[in-house]
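Everything below concerns the one structure shown next.
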Amino acid sequence: MKDYNFTHLQELESEAIYILREVAAQFERPALLFSGGKDSIVLVHLSRKAFHPASIPFPLVHIDTGHNFEEAITFRDELVKKFNARLVVGSVQESIDTGRVVEEKGINASRNVLQTVTLLDTIEKFKFDAAIGGGRRDEEKARAKERFFSHRDEFGQWDPKNQRPELWNIFNGKKRMGEHFRVFPISNWTEMDVWQYILQENIELPSLYFTHEREVFFRDGIWLAKAPFMAMKPTEKAEKLHVRCRTVGDISCTGLVLSTADNLADIIQEIAATRVTERGGRYDDKRSDAAMEDRKKEGYF
Amino acid sequence: MTATSDTKFSSKGYLGMQLLRFTTAGSVDDGKSTLIGRLLYDSKSIFEDQLDAVKLASVQKGSEHLNLALFTDGLRAEREQGITIDVAYRYFATPNRKFIIADTPGHIQYTRNMVTGASTANAAIILIDARNGVIEQTYRHAYIAYLLGIPHIVVCINKMDLLEYRQDVFEKIKADFNAFVAKVLPGEDLRFIPISALKGDNVVKPSLNMDWYKDTTLLETLETIPIDKDHDMVNQRFPVQYVIRPESDKYHDYRGYAGRIAGGIFHPGDEVMVLPAGMKSRIRMIDTFNGPVDEAFPPMSVTLLLEDDIDISRGDLIAGTASLPKSASEFDCMICWMNQRPLRINGKYALKHNTRDVRCLISHIDFVLNINTLEQIHERTSLAMNEIGRIHVRTTKPLFFDPYTTNRQTGSLILIDEATNETVAAGMIL
């Protein structure tokens, strides 16, 4: 008999496409949360595949902390143009200006936590009933129990102890007015799967993911980028080094790794040999052992 | 830069790997978390920062060894109470396969979690503490694996180190287990492995203490179980998920039915029937983003285009005319109840079957099963959380299905309480 083997990347892709089509079918106003990072870029690629030859039936939503890597914003705008997508921007600066949130002070100040309020305000303003995110269960222990279809109450909160069971490939997106869902089509992917898929599909990424020279400084075991809004301690000294991002987020909490990898194959070899998890370089997770679980309950990505 | 000899993945090898989903059932004391920790640790899937965190926590808890179980504890409540209360998904890969573990608690009050984890699994690991042998819980785990149609079962007899790695202990447990499963698991792919998760015997590395065991280690077993026949490759089934109608001049007349193949192999030209319309047509094209393909099989996500213009929408089923599914609005199914609010006889629920949404009425409970003894309890009028039973269902519109034992996709359904929107039951159609 003929061999009907499916590779793990084909299976993960097929699963993600299935989820994206479920979102389009079950919700009235879905949106894709686009951070400019590789996971959300992969989601855009999967969405193009899911609805081909039609265009992506939902807008991309970017929650802009104002503390961005310039390259990420340029990349975002080009991608939106190329794929004829719609873009909605939620601004953290606006949330600060209107007094919805108060900027953190001090040496470790970050706008990462503030994003949650802007995100929830944006969801409410545009009446989005499903927000598709690039979260993966392998990223962090609180995410390991996240559902594909994750219910949020009218305050945007996640209740990890009272999640709906998810069986087979049947997804329950029923909700009351004002409630919404977070949907994670690449829940079952690991960092390695994402990179292998990017290689296999030849997906374009922002230059930040490849080696480049940048002024960086070292804090608590992590290299951070020097930027006008990044407060540095007197003992911290910026140096120009060859680095690349393993994840791309707000500058204040994105750790960089020393690397000379300038192509996907080299990055994959580097990751295969790396012994630190991807989020090990996320400054926001170091705040406490349950930092992610706490932020997620409040409505974080 | 070229690959070094200690690099785990070659790009090419990794791209061609298969995916195996397995579930682990066992209680805290069986050493389930230790076993998973051992698999992750010995296959080098644990990262340095995770290892550091666990080393620190092990010392804080006064543990003598590196506490492997800490690798798998997820939510804060679980870390505090030292129990697993939900399904947690873990990932690891070897050069041969990628694995997804659905890690579920084994206690009877978490039957619903075990059922959830089992619903998508190709294989189940059933853990037995060698000191206790086959106990009530073992029967329960074996039955759930059977009920959810898991094709491959690996029984790990753990803590062999505490019984001097004796073969007679292993053989006795194997015989006891076989005697039980002859009733419920006829014809299943069933294997037995003597292990010590704590010491690492036969998990990833072959044991030096049990030369009487000649078969493969647990990891080798998981790497080689054949899984390409786990789907129904005979009966063509395609639940329509979404209709693609591009609003562009180029694709003005394009009308594609998007979905995931749930059974059989589809080719262009195949005669199909659209249900519930009952209209026949042929497949004109199987489309994908990368262009049309000559065949599609489970679990591919594709878009079908038909030769005739038929009114088709989400929830319809496109099936090969060679073997049509059953069509009924009354049927029996086994269910596991998953909600605090018990099942009410004559209660009405929303029902999801593939992509089809209907409403239903539970008209009769045939029996509730004592899953420790498999005794059928008749004349019950309700089903409480974590109970398994056989019910009679009446739906507002017909469903098009196969028995669950033939096809796990077209034979499964969930019930939703319309008052709370919660998923309250998992159903396997008989």
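Below, chains carry the letters A, B, ... as their sequence lines are ordered, and counting in each starts from 1.
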Inset, instruction - Please check if the side chain of Arg164(A) supplies one atom and the backbone of Asn421(B) the other of a donor-acceptor pair under 3.5 Å. - result: yes
Legend entry - Option in Ile414(B), Leu20(B), Thr120(B), Thr355(B) with maximal non-hydrogen atom pairs under 4.5 Å from chain A: Ile414(B)
Inset, instruction - Evaluate salt bridge (charged side-chain N to carboxylate O under 4.0 Å, His left out) for Glu15(A) paired with Arg21(B), printing each intermediate quantity in order. - result: CA-CA 13 Å; Glu15(A) 178 179 83; Arg21(B) 298 170 199 251; 3.0 Å; yes
Legend entry - Neighbour count >12 (heavy atoms, 6.0 Å) for atom CD, Glu418(B): yes
Inset, instruction - Answer yes or no: is there a side-chain heavy-atom contact under 4.5 Å between Val87(B) and Glu166(A)? - result: no
Legend entry - Side chain Ser14(A), main chain Ser301(B), donor-acceptor under 3.5 Å: yes
Legend entry - Within 6.0 angstrom of Asp294(B) CG, more than 12 heavy atoms from elsewhere: no
Inset, instruction - Would you check if Glu22(A) and Gln241(B) make a side-chain contact, meaning some heavy-atom pair closer than 4.5 Å? - result: yes
Inset, instruction - Tell me, for Thr116(B) versus chain A, whether the close heavy atoms (under 4.5 Å) come from the side chain, the backbone, both or neither. - result: both
Legend entry - Main-chain N/O of Leu167(A) paired with Ser119(B) side-chain donor or acceptor, under 3.5 Å: no
Inset, instruction - Ignoring hydrogens and angles, state whether a donor on the side chain of Thr303(B) or Arg21(A) is under 3.5 Å from an acceptor on the partner side chain. - result: yes
Legend entry - Pair Asn188(A)-Tyr89(B), side-chain donor/acceptor within less than 3.5 Å: no
